[in-house]
Every structure is written in C-alpha cells, then in structure tokens.
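Notes to accompany the following structure.
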There are 2 protein chains.
Amino acid sequence: MNSFVSTYKKSVNNLENISCKHCALYRICLPKEASECELYALDNIIDRQHNLKRNTWLFNEGDPFKAIYAIKSGCIKTYRLTPKGKEQVCGFYLPGDIIALDAIETGIHTCSAKIIQATHVCAIPYKKFETLSQAMPGLQQQLVRIMSREIASQQWFVTLLGKKSAEERVAAILCNLSDRLEVRGYSPNELILGMSRHDLGDYLGLAIETISRVLGRFHQDGLLTAKGKHIQLHQPDQLRALAGYS
Amino acid sequence: MNSFVSTYKKSVNNLENISCKHCALYRICLPKEASECELYALDNIIDRQHNLKRNTWLFNEGDPFKAIYAIKSGCIKTYRLTPKGKEQVCGFYLPGDIIALDAIETGIHTCSAKIIQATHVCAIPYKKFETLSQAMPGLQQQLVRIMSREIASQQWFVTLLGKKSAEERVAAILCNLSDRLEVRGYSPNELILGMSRHDLGDYLGLAIETISRVLGRFHQDGLLTAKGKHIQLHQPDQLRALAGYS
DNA sequence: CGGGGGGTTGATGAGTGTCAATACCTGTGG
DNA sequence: CCACAGGTATTGACACTCATCAACCCCCCG
C-alpha cells in the first residue's frame, strides 16, 4: 500500500515488469511524446529493481555514478551532510521523478538518496543510455528537459530557503506536495506524508519544533487537520496565499 | 577592463568574433573534448552579441525562451522576485558559465538575468541547437554535462541556505568566487567583486548590514581586507575552514 | 505491559533583521 | 577643478523570529 494517499491506484500495483509505454507514470516521467522505437529501446536497457525497503540507501554521497533512477512508487529523499554532521535534504522525490542527475558530470554522487517509504525504481544505466542516445537524439532531449525541470524547481526551493518565513515555508511545501500528488492522480487535499517532521525540518531549514508549532497554528486557524503524518487541507487556497503561491 | 581582478587577461580583449575553438574559455565552457566538426557547427549557429551594459537585462522572468547564453566576460546575476517584491538571487555567473538552462522545458524564463558588470555573451539559439544535435549527439551530451554541473552546484547552494550561519555563508561565497576565478586564470586572493553588498545579501539570504558586519569582523580578525568591492584574502585556508569547506 | 521513537508544548536566549544616523564613494554638471 | 547629489557601505540600538533545551505525551511495536 502506497503511503502517500488514501485513494491508491490499483493500476500501479504490479510494478516490476511494466514497460515504459504502459507505465502509469509515462506522462510524468517523460516530458514530451516519445516515439515507439525510443520507448522500446529504453525499455531494453532499463534495469527494473524492486522492493527497496524503508531506511535503506539507493546510493551515497561519494559513490561512483552508475545509473539514473526513475521512481515508480514510494518516496525517496536526497540529502547532503554538512561538516558538522547535520543533513540538508535537497529534495523529496515521488513516483515519476528521476534522481541522480547531479552526478552525471563528475561521475560521483554529490548527495545520498535514502528510501523513506517502500519504493520501486527503474535503474537506467547511464553508459548504456549514452550509447543508445548516439543513435536516438530524441532520448537525450528528454533527459535535457527533465534536467531543465529539476533546475527550475531548485530555483523555487532556493527562493523558499532564502526569503521565506517559517510559516511560508511550511505552507509552501504542503502546497507543493499537494500539487505534485494531484498531477499523479491522487487527492490534493488528503496528504499522508512520506517523511517525518525531522525530514521536513532538514528540508526547510527549520527545527522540528518549529514545524510542529506552525502546523499546530495552521490547525488552530482551521486551515488543516494535522495528525501525525495524516494532513487534511481544509482551505488550500488560503494556504497557497500564505505560501506566497507554490 | 574586466572588474573582477586586477590581473586582467589581454587575450580576452577582442571578444566579439573569436570562435569557440580559440576562445580562452573553451575548457570551462565545454566540459569534455569536443570534436572539430562539433565546434565548427556550434560556431555557425552562435549569435555573438556584444557589449551588454551594466544594469540592463538579458531576459526577464516570464519572457519566452529563445536561447541559452555563454558568458565571455563580465558578470550576470539571475534572480526571482517574491510576491512581496524582494529578489532572491539564484546565482552569479562568470565568464565560461552558461545560463537560461531552467527555461528549456517550459519555454518560459523562470528567472531574470541582470547584467551587473559590462558583459559579452554568446547566444546559442535553442531551436537551432536542438536541430543540430539531432545530427551530433555529442553536442547534447555537452549540454547534459553542463546541466548536471548546474544541478550539483545548486545543491551546494541549498545546503548553504538551509544550514549555514551568516559567517559561514559569507566565508563560503568568498571561497566559491575565489575558486571560480582561479579556474579562470585570475588570482584567487585578490577579488574585485562584481556585485554589490545588496546583491550578496539577496543571494545569501542575509541583510546587507549583516554582510557588512561579517566582513568587518573578518577584517578585524586579519582574515581579509575589505574595502568596498576590493577584497584581499589573507588567510584563505582559515576562511575555507570557517565556511565548512567551499 | 513496557520501551522507545516520534511528536508536541513551553521557557529562554542567540543570531539576524529592521530602523536610523552617518560616512563614503562615484559620477555629473557647473 | 570643485561642489553636489545619489547611490552604496558602515555602524549602532533595538526588536523579533526561530533554535535550543527540557519535559512530557502519544502511539506503535515488540
């Protein structure tokens, strides 16, 4: 059972051997139409892994780069450790997202990826992908688009960290998750967070106590109901306004 | 006269019509060896603009995306406006850097690019580039590498904003600029900043007064000499340690 | 039933932002 | 050449947000 939302999609249950063409995440994963043969070729090099358990790592900072990963289900956080041993979460990645793009140039992972909810991923061995895309430039155009999207979303995040108050940050991440879940076919107002308060704090640059307090205040103001990881948004528009849009 | 460093390189003076092959920034701009014909093809589509004046814009948030830009000289900041009208600087870009990568997917610029020191850029029309790379996949591999580098460097920046104190932030950006200037052949310890304290503050998520105070403290401690935009690093190693590495 | 991790709540203080006054540069026009 | 104006940087006093520390609760799991 996917833990993000109550209305779980049956179609994503048997994940291991679905081809890209028939994958429910097709629209999210690949930004523009891909040709039949591109999809077929991609299918052939994809290494379908399964069942990554909670609290395990997909890769670690410093590991050699082998593949990029498409998430089929679950939730992964990427993070970097500061010299003092604190972790800065760089992103929460949901089904359809692609990670490890930061490692392509150096060949070394610059962040760690930890499974925070039972997850399935497709591994796309990068060497094979590069070879393949010599013949199929369309494939690499897809990759460029995905990377562009990642850069734009990091800019959004940078603005959040640089300029927003604690309330705005919490509101913003809730709206952001809501939007992303909606695109994936889930209810936008019934979130079941995949991450702990601790993770949220390490993402937003706030202490867990602050997260807790802000959520409490939102709760009191009738904006939402927060019970542990279950969050119901009652006034999403007002939350969005508070976030300074999402 | 380039304003970043006192030891200005003569070779970059006549910038307008130099081909990529002979450009002094070749090694920085293109992450891996490019073939003769790739370079030649690239040269042919590049639109060489010149003489962008200080305090003008290369593009603005919301503008339609036409081209990516390689900086030949000068300094550009990219930024996004918050709903309250404050600006979050997303990055300072130096000669050899490439900007507008965030706009490829949506076709709309997600940030503004302002010239903060007289600048020369090469514009690479993206449509033409895409067409060209159908025939030359190596070109697009270059782009992927550049984008990967950008993503990794944004992760560094996110860690700075999320986890570091004012002192660490200022130390970190100084070390970062020092490193980047050194790669470009300038002295690493004699910085002439292209950006104002205001820009620095809007980048680091700090008030200008805080920047000023931190620099003052560093000055007192003998780490550096700061006189307006001229900054001499006296103890770069200690600064680096303070930054929690760069 | 008991233990432990995760979450909440309260009191306090440190680190920065804000506001205001002042000094400093830079370019402009007389 | 100097005087002036406008932007830019510095310095000080104060306020406020948020981190820290500590106690407690809740709930899940063994």
Side-chain angles (χ1 to χ4, degrees), chain A residues 1 3 53-55 77 82 84-89 114 116-117 160-173 191-221 224-231 242, chain B residues 1 3 53-55 77 82 84-89 114 116-118 160-172 174 191-220 224-231 242:
Chain A
M1 181 87 183
S3 70
K53 294 224 180 79
R54 228 187 131 198
N55 293 327
K77 72 170 176 186
T82 67
K84 288 167 197 155
K86 302 198 165 185
E87 68 180 56
Q88 174 62 45
V89 173
K114 186 170 186 183
I116 56 178
Q117 289 298 324
L160 183 150
L161 288 176
K163 286 281 176 300
K164 294 192 189 264
S165 69
E167 289 206 348
E168 291 170 324
R169 292 183 201 198
V170 174
I173 181 62
L191 318 183
I192 302 186
L193 301 183
M195 64 292 291
S196 66
R197 299 281 188 276
H198 204 90
D199 292 333
L200 277 176
D202 283 341
Y203 178 67
L204 298 174
L206 299 171
I208 47 171
E209 295 93 331
T210 304
I211 308 274
S212 207
R213 272 185 260 270
V214 170
L215 282 178
R217 228 174 297 156
F218 286 169
H219 194 138
Q220 276 197 327
D221 298 350
L224 49 74
T225 308
K227 241 189 188 174
K229 301 198 172 180
H230 296 58
I231 296 189
L242 241 171
Chain B
M1 181 83 183
S3 70
K53 294 223 180 82
R54 226 185 133 201
N55 293 327
K77 72 170 175 185
T82 67
K84 288 169 199 152
K86 301 197 164 183
E87 67 180 58
Q88 174 62 45
V89 173
K114 186 170 184 181
I116 57 178
Q117 289 298 325
L160 182 151
L161 289 177
K163 287 282 178 299
K164 294 193 189 265
S165 69
E167 288 206 349
E168 290 169 326
R169 292 183 200 197
V170 174
L174 289 177
L191 317 182
I192 303 187
L193 301 183
M195 64 292 292
S196 65
R197 300 280 188 274
H198 203 92
D199 291 334
L200 276 176
D202 283 341
Y203 179 67
L204 297 174
L206 299 171
I208 48 171
E209 294 93 331
T210 305
I211 308 274
S212 208
R213 272 185 260 268
V214 170
L215 282 177
R217 227 175 298 156
F218 285 169
H219 193 135
Q220 275 196 329
L224 49 75
T225 309
K227 241 191 189 173
K229 301 199 170 177
H230 296 57
I231 295 190
L242 242 169

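Protein chains get the first letters and strands the later ones, always in sequence-line order, with residue 1 at the start of each. Worth knowing before you read on, the calculation uses all heavy atoms, side chains too, and leaves out hydrogens, waters and symmetry mates.
Atom CE of A/M195 is separated from atom C1' of C/dG6 by 16 Å (rounded to the nearest Å). To the nearest angstrom, C1' of C/dG17 lies 18 Å from NZ of A/K164. Between the CD atom of B/E167 and the P atom of C/dA14 there is a distance of 16 Å, given to the nearest Å. One can place CG of B/N55 at 17 Å from P of D/dG6, the figure rounded to the nearest angstrom. Going from atom NE2 of B/H230 over to atom C1' of D/dA9 covers 15 Å, rounded to whole Å. The nearest whole Å value for the distance from the CG atom in A/L215 to the P atom in C/dG6 is 17 Å. Atom CZ in B/R197 sits roughly 9 Å away from atom C1' in D/dT10 (whole-Å rounding). Atom NZ of A/K227 and atom P of C/dT8 are 12 Å apart (whole Å).
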Would you give me the side-chain donor-acceptor pairs under 3.5 Å for residues 200-217 of chain A, sequence neighbours excluded?
from	atom 1	to	atom 2	distance (Å)
A/R217	NH1	A/E167	OE2	2.6

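Contact detail for B/L242 and B/E168: the closest heavy-atom pair is O-CG, 3.3 Å.
Using a 4.0 Å cut-off on heavy atoms, the residues of residues 198-213 of chain B that approach DNA chain C are B/G205, B/L206, B/A207, B/E209, B/T210, B/R213, listed by number.
Looking at A/R54, its side chain does come within 3.5 Å of a backbone N or O of A/I116 through a donor-acceptor pair. A donor-acceptor pair under 3.5 Å is formed between the side chain of B/K163 and the backbone N or O of A/E87.
Put simply, B/K86 has a side-chain N or O that comes within less than 4.0 Å of OP1 or OP2 on C/dT18.
Around NZ of A/K229, the count of heavy atoms belonging to other residues, nucleotides or ligands within 6.0 Å exceeds 12.
Each salt bridge (charged side-chain N to carboxylate O under 4.0 Å, His left out) pair with one or both residues in residues 192-201 of chain A, not counting sequence neighbours, appears once here: A/K77-A/D199.
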